[in-house]
Each structure stands twice: as structure tokens, then as C-alpha cells.
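Since the structure comes first, as C-alpha cells, the remarks are kept for the end.
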Amino acid sequence: MQPLQCVLQAQRSLKWGPLTSVSWPLLRTSRTHSSVPTTSCLSPEGQSSEGVQKDFSSRLAAGPSFQHFLRSASVLQEKPSSPEVEDPPPYLTGDELLGRQRKVYLETYGCQMNVNDTEIAWSILQKSGYLRTSNLQEADVILLVTCSIREKAEQTIWNRLHQLKALKTKRPRSRVPLRIGILGCMAERLKGEILNREKMVDLLAGPDAYRDLPRLLAVVESGQQAANVLLSLDETYADVMPVQTSPSATSAFVSIMRGCDNMCSYCIVPLTRGRERSRPVASILEEVRKLSAQGLKEVTLLGQNVNSFRDNSEVQFNNAVSTNLSRGFTTNYKTKQGGLRFSHLLDQVSRIDPEMRIRFTSPHPKDFPDEVLQLIHERHNICKQIHLPAQSGSNRVLDAMRRGYSREAYVALVHHIRECIPGVSLSSDFITGFCGETEDDHLQTVSLLREVQYNTGFLFAYSMRQKTRAYHRLKDDVPEEVKLRRLEELITVFREEASKANQTSVGCTQLVLVEGFSKRSSTDLCGRNDANLKVIFPDVEVEDVTNSGLKVRAQPGDYVLVKITSASSQTLKGHPLCRTTMKDSATHCLT
């Protein structure tokens, strides 16, 4: 058996266990105790690493066995995870875990969670002595934070790896070897297939293995490939403060929970991100306070199912109270009880800084009890914008997707939200061409788009993912050309209805958080309103309401009142009136 195969088999049997605190030894120890001796390992360049890693291999062979860690797992799990006080692996010295100022280049693909994961990974590497570079040519380590939600997302990474291959092969021998790593969902889904298919890839790290990056990179320096794709039941990186990748950013993502328990039949996320687990409320509040102190004006709370948040870390809140669901919605799992819920967290976060906007994504429609809606309505700094993924307008397709609701229940929730939060902006996700979708099913989705009239939409053709329930039980029987034709029809209808919805803003005054210059014009500024729509307006001097008589030019992070003059399906345009604050803007008539 090949060493990597041995490890992956061990990981399959352990992947759902809470082994975060002991995950670092699994790869190297199982390599050591496989039938293939470590002295036969080849470097990525195909040369024997016997001479290069003689000292490393001797220490590795003398280390503890795989069985040692299995026996010790229960003991180690009782100890709190604290990377600052962890001892180095027995086969590595503390110095070998240091980055020695090697430069890391990070590329992020996919969702907002991956943006946050990039910041977490960089925070861990920075503490180990690595430097960050934005210049690909000067990088010593290239890490791609990847997405597996659709086949196209993975193909983008394969194409990128082919581009990087030339960079690696042409690396001057006078420089340290270039190391390339795959992080995130693609590493978790494909595991050894990546290392076998692309020999130029040196390391893999799944979404729950970022703490292990310094060790993985140390192992790679010996000439071997390295991987940790163990999923965890408890890893939330609660004690890791993400490092903002953009120093001029006005907003930040804060991960409040990881994983998903919904198990929708089309979705790979539960298999690449693991089971749902939430961060302690206290750690989230601490992070938001730090971001506020840094001057950031907007925070987006992140999670695969963000509004199912449930912190059960404090015993006094682990009562028998069941989770409240939206009316007419069900779950694919047993109803959860106890813990501090999303409404509590949202309440506490919104109180930290009245001048900081609060958003959250991505929610599930089932988790919008009245207490959440009431809080959004009452707090001026919680944005009146809700993402409400529908996926389909057909009951038959929704049932096949295992979404837990009917079209009728979804539409009733839309009406209820609009009654509770007047002027709320709605966005949604839709998948077209799902298994067995008929033309009538498609037309029902078209009619839902027209009925709800979303402000923003994210529409995709279905891409079957291995290991999902749909892959095992359904047939991907809608031809690709039909999927693309239906997708174009959905996009056309969405744009028509979004233009109508956004047209209602013309003539109104809206509060806009300035992000910077417009990408299309150096004389215009760009920002976002409460509905998360892009607003473009001229970069001219305006009155500062906090300093009467003072004329200023708006800067990133400023709040500006803008009178909307035109609207499209994606963008609003207007004229700036004044620079203001969230508190002072309440005296104006906003919509």
C-alpha cells in the first residue's frame, strides 16, 4: 500500500472524530509505519531525498507510533486547544516549524467563508515567522484557498495549477524550492487525487487543518508531500484573530460557525466543511470589538447556515428549549435544543458599536423566527437586507433537493418578512437544471422570480458533486444545453424584476458606506447602501454635518447621504448630499 493511501484510509475512519488536537501526527506517522520505508520517498522533482532528509528521517522513525496517538486521543481531547503552548511534533524541532521569513502568496477562490479562511491561515503563518507577498514572482510558498461547490470552480484551480507549473519548473536553483499548497474544500473533497494527479502540489490542508500549516510546510521542506484533511467536530478557530488581507478595507467578515447539518441533496458543503459547530459568543464579541477599535464600519457574520447558530459552550444555557423555526419549515435532522441562539448573538453584536453596520450570510429560510425579524427591524445598524435562498420554485424539485419547505411556505415567509421589516431588500440563490427538473418545474421557478421580485440574485446551472445524496440516488438527466438555456431565461427575468424593484429607490435619499473609487471612473466614488446594492456618485466636496460649514471629500469608511437619480438591476447612481454618521442620518428621510 502506498504511504498516502494508508493515511487516507486512516482518515476516512476518523474524519468525523473530534481529533483536531492530535491531527498533526497522522500523516507522517502512518507514512513511517507503512510497508514503504521513508528512505524510498522521492522529492517532487523525482530525486531521492535520502541524503537531504537523513537527520529528519531518523528523528521521524524514532517518533511515536500511530497507535500511540489513538491511545492518547481521549486524554488529549480533554485539554483545551492552545497553539501558543503546544509542543512541536516529536520528529520536528521548534526551529523547523518557523517560516524563516519565507514569503507566502495567497490566492482565494469561492465564497466569503474562503476569504475569512484566508485571513485565518495567514494569521497562523504570520505567527510562525512567514512574510506575506502580493508578488507571485517573489513567493516561496503559494497557497490556493479553494472551492468545490461546482465543477467549474474546481476546473479553475486545475487550470491555475498548470499555470503555476511553469513558475515552479523555471525556479532558479539559487533560490529555495517553490512550494505549492491546496487549502480548503477542494483539498477536502479530492484529497490524494490532487497529489497523485499534480505532482507539483506539495501540501493539502482541509478547512479544519489550518493550525497544522506550519508543520505541513516543515515536512514539505524535507522533500516530501504532506496532507491533513481531517474534519473536526469542534474546530472553530475561536482563538485565532484573522488578519485583514486589505489594510484599506472598510468592512470585515467574522466567522461565527462552521459546517452544515442540512444535507440538501445537491450540496457538497457538509462533506467538505463538516458538521455544524458554533463559536462561543464571547470570542465573537471580542473579535467584533477589535474590528471596531480598528475603525472598520461594517461586519458580516459568516456561516454556511449562519442563522442556525447555537452556542452551547455555557452550561447554564443548555436547557431543553427547542429551536424555533420559520412557520411551515422542517429540518432534515432532529430538532436541536438549548444554547445561545442567533437572535442573542445578533443583539449583542449590534450593541458594540452603533456606527458599525451588521450583516449576516448565508442563512437558511427555516431559521427566521420572529425574534430575529423583530431585532432586524428595531436596530438601526442591522442592515435591512436578507438573503433568502429559494433554489427552486417547484415543490417537486424542492422535495428532491431536501430543502424542508414548500413554495407556499417560502412565499408566506417572504410576505411575513416584508410585514415585519418594511422596505427590506431580498436576495436569493437559484439552481436550474436539477435532477429531473421538467420544463414546467422551470416555469414555476420563473414565476417565483416574478412574484417575489428580488433585489439581488445568484443563479447557477446544476453541477452534480460526487458523494452527495443526489449523486447516489438521483440522475443528472437535464442536458447541459437545456441547463444553460434555462439559466439564461432565469437571468433575464431576474434582471427585469430587479430593475423594477430598484427603480423604487429613484428620488430617495439613502445612506451609503463609501468603499473607494469606482472601477469604471476615477472621478466617481463607489459604496453600498443598506440593501447591499452598489451606489455610484461623483467625487465632489460635500458638507460635513458633524462640522457645520466644513466642506470635505468623502473617504473610504465614511457614511454619505446620496440622493438616488437612476437605477439598474445591479447598480444605483446618485448625487452626494453630505458626509454624516448613522446616528445623524436618522434625522433624514431614508428608505
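It should be emphasised that the depicted structure is a prediction, and the values quoted were computed from it without experimental measurement.
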### Query
So, are Lys500 and Glu496 salt-bridged, with charged N and O less than 4.0 Å apart?
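Not counted as a salt bridge, because no side-chain N and carboxylate O are separated by less than 4.0 Å.
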### Query
Do Arg341 and Leu345 come within less than 4.5 Å of each other through their side chains, counting heavy atoms only?
no
More than 12 heavy atoms of other groups within 6.0 Å of [X] [atom1]:
X	atom1	answer
Glu355	CD	yes
Met241	CE	yes
Arg485	CZ	yes
His416	NE2	yes

Between [Y] and [X], is there a side-chain donor-acceptor contact under 3.5 Å, judged purely by atom types and distance?
X	Y	result
Ser447	Arg407	yes
Asn312	Lys336	no
Asn116	Gln112	no
Asn502	Ser505	no
Asp117	Tyr210	yes
Ser350	Arg379	yes

### Message
Checking the side chain of His380 only, and the main-chain atoms of Pro354 only, is there a donor and an acceptor separated by less than 3.5 Å?
### Response
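Checked: pair present.
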### Task
Return yes if some donor-acceptor pair links the side-chain N/O of Ser326 with the main-chain N/O of Phe368 below 3.5 Å, else return no.
yes
### Query
Is the Phe458 to His387 ring centre distance short of 6.0 Å?
yes
### Query
If every non-hydrogen atom of Ser427 is compared with every non-hydrogen atom of Gln385, which pair is closest and at what distance?
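Taking Ser427 first and Gln385 second, the nearest heavy atoms are OG-NE2, 3.4 Å.
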### Query
If you look at every heavy atom in Cys185 and Thr272, which pair is closest and at what distance?
SG-OG1, 3.5 Å
### Query
Does NZ or CZ of Arg150 lie under 6.0 Å from the centre of the six-membered ring of Phe460, at an angle within 45° of the ring axis?
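Checked: cation-pi criterion met.
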### Task
Could you tell me the separation between the CD1 atom of Ile352 and the CG atom of Asn381, rounded to the nearest 0.5 Å?
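That separation rounds to 10.0 Å.
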### Message
Would Glu378 and Gln374 count as a side-chain hydrogen bond (donor to acceptor under 3.5 Å, both in side chains) here? Give the steps.
### Response
CA-CA 6 Å; Glu378 291 176 352; Gln374 182 178 354; 2.9 Å; yes
### Task
List the steps, then state whether side chain to side chain contact (heavy atoms under 4.5 Å, CB included) holds for Met582 with Leu511.
CA-CA 8 Å; Met582 291 197 77; Leu511 184 66; 4.1 Å; yes
### Query
Under 30°, 30 to 60°, or over 60°: which ring-plane class applies to Phe430 and Tyr454, parallel, tilted or perpendicular?
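Answer is perpendicular, since the angle exceeds 60°.
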